[in-house]
Amino acid sequence: MAKRRDRRVAPSPGRPKNRVESAARLDQFSDSASDRKLITIFVIFFIVIPTVSVLLYCTKYSTRANRSATHMHQRGLVKTDVNYQEILTENSKVSENASHRYYTYPVLAYITPWNSKGYELAKMFNSKFTHLSPVWYDLKSQGTSLILEGRHNADAGWLLELRKGDALVLPRVVLEAFPKELLRKKKLRDKAIDLILTECKEMEYDGIVLESWSTWTAYGILHDPELRNMALEFIKQLGNALHSVNSVRNRKQHLQLVYVIGPPHSEKFQPHDFGPVDLQSLSDAVDGFSLMTYDFSGPHNPGPNAPLKWISFTLQLLLGSPGIGTRSLARKIFLGINFYGNDFVLSEASGGGAITGREYLNLLQKHKPALQWEKNSGEHFFFFSDENQVKHAVFYPSLISISMRLEEAKLWGTGIAIWEIGQGLDYFFDLL
């Protein structure tokens, strides 16, 4: 750049000295301008651009972090040191964006006829769920045949509202038919499957959730190796039959079967336990397994509803260690999360039982208790004495306890199954 200036201002014979001085000054100016431009380029490339990049990066990822943080986390409500007044004040306040999903794995929500709030919550938070299971049907023995009861529970208007969203509707069917007769007689097995398929077609369901293992356990048939094998074959037969039929709502999708299973009782599997071999055996015929990881405690052994370590232990028994090798089966698990609590009587007579969110709020309002955090189980609880001075222990889910279970499910790569949504508090759904 300086050389080009020299050529343009070459000295003329008439004013050699002045021209030389002028040229020198121009050289100095040119060199100075060149230096400034170099400094400017240096500043732009090595200071300004990196700074802008960092700012853009921070803005981009802080926005992403904010989007991934739930409304409850942003408000600082997901914590262990919670008090009763905060729950009473905040439980009904939910995010205006009720459609945004934070938990990206499948979410199965149960709805019961005896708790009407669940019907409203299913509509309000429809987009949070991938599967909705109204608890409507029982398949029973009737003389020498079978009958499917429960259509009177089905609410056509409610179903129509739900189908505006993408969640699949799979009503629960409890298999109460006498198991020995059902499993030994091909005619009855075929009848059971035909009743279920017909109901799915006529009511335009997307499949069913089947519960039978607990019934078979109660009847003691799982201790008989032959009958146990027949039971597994029946589930496969039903699953294959459902898969052979396309959904009325979506012709590209077959009807689905989700099967309800209980947690193994110990590392030494008993015949009535549903174990990893059974999981593997049914994996092709069954689209999902609803794992009942709750009801750990009861009136005769009061305590937490679903200790976090027990949940992890149960998953390990069924799947092995979390990792790539377990993903194919883990993705079919719906890890059970309770939205109900328990009010246990701490006396020699024992007693107590399940409570809903409404009953929990009433207890908080009445007794104004000090909530305690039990870190080993990952649950909140409190004590109170009733009008007869009998002491009670109340365990009920909190935002932090649910959040921790969602993180556990994410670690394993499983979905979740909520029993049942009408029993929970409104702000629980902001976590989903």
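Residue numbers count from 1 along this sequence. The structure presented is a predicted model; accordingly, all values stated were derived computationally and were not measured.
Using a cutoff of 4.0 Å between basic side-chain nitrogens and carboxylate oxygens, Lys79 and Glu86 are scored as salt-bridged. For the pair Glu120 and Lys117, the salt-bridge criterion is not met [side-chain N within less than 4.0 Å of a carboxylate O]. Checked for salt-bridge contact, Lys309 and Glu408 miss the test: no charged N lies under 4.0 Å from a carboxylate O.
Nearest heavy atoms, Pro304 versus Pro307: CG-CG, 3.7 Å. The two residues Ile421 and Gly118 make their nearest non-hydrogen contact at CD1-O, 3.5 Å. When all heavy atoms of Glu420 and Ile111 are compared, the pair lying nearest together is OE1-CA, 4.2 Å. Of all non-hydrogen atoms in Ile193 and Phe234, the two that sit nearest each other are CG1-CE1, 4.1 Å. Listed here is the closest heavy atom pair of Gly303 and Phe395: O-CD1, 3.4 Å.
Checked by atom type, the side-chain pair His243/Asp287 shows a donor-acceptor distance below 3.5 Å. In this model, a donor atom of one side chain and an acceptor atom of the other lie less than 3.5 Å apart for Ser99 and Asn97. In summary, the side chains of Ser401 and Tyr396 do not present any donor paired with an acceptor at a separation below 3.5 Å, with no hydrogens or angles considered. Using modelled atom types and a 3.5 Å distance limit, the side chains of Ser92 and Asp426 yield no donor-acceptor pair. Side-chain contact of Thr80 with Lys375: a donor-acceptor pair under 3.5 Å is absent, judged by distance alone.
Looking at residues two or more places apart in sequence or on another chain, you find no salt bridge (Lys or Arg N to Asp or Glu O under 4.0 Å) involving Lys268.
Ring geometry for Tyr259 versus Trp216: interplanar angle of 30 to 60°, hence tilted. Taking the six-membered ring for Trp and thresholds of 30 and 60 degrees, Phe382 and Tyr360 have ring planes inclined between 30 and 60 degrees apart. Aromatic ring pairs are classed by plane angle as parallel below 30°, tilted from 30° to 60° and perpendicular above 60°; the pair Tyr105 and Tyr103 is tilted. Below 30°, between 30° and 60°, or above 60°: for Tyr119 and Trp136 the angle between ring planes is below 30°, a parallel geometry. The aromatic rings of Phe339 and Phe429 sit perpendicular, their planes meeting at an angle over 60°, well past the 30° parallel limit.
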Anything under 3.5 Å between a donor and an acceptor, one on a side chain of residues 223-231, the other on a protein residue two or more places apart or in another chain? List them.
unit_1, atom_1, unit_2, atom_2, d
Asp224, OD1, Glu226, N, 2.9
Asp224, OD1, Leu227, N, 3.3
Arg228, NE, Pro271, O, 2.7
Arg228, NH1, Asp278, OD1, 3.0
Arg228, NH2, Pro271, O, 3.2
Arg228, NH2, Asp273, O, 2.8
Arg228, NH2, Asp278, OD2, 2.9

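The closest side-chain heavy-atom distance from Gln256 to His131 is below 4.5 Å. At a threshold of 4.5 Å between non-hydrogen side-chain atoms, the residues Leu318 and Phe289 do not count as touching. Here the side chains of Asn362 and Ile355 are not in contact, with every heavy-atom distance at 4.5 Å or above.
Here His71 and His100 keep their ring centres 6.0 angstrom or further from each other.
Geometrically, Lys391 engages Phe383 in a cation-pi contact defined by less than 6.0 Å to the ring centre and at most 45° from the axis.
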Between Arg151 and Glu202, does the salt bridge (charged side-chain N to carboxylate O under 4.0 Å, His left out) criterion hold? Intermediate values first, please. CA-CA 11 Å; Arg151 184 181 286 197; Glu202 292 182 359; 2.5 Å; yes

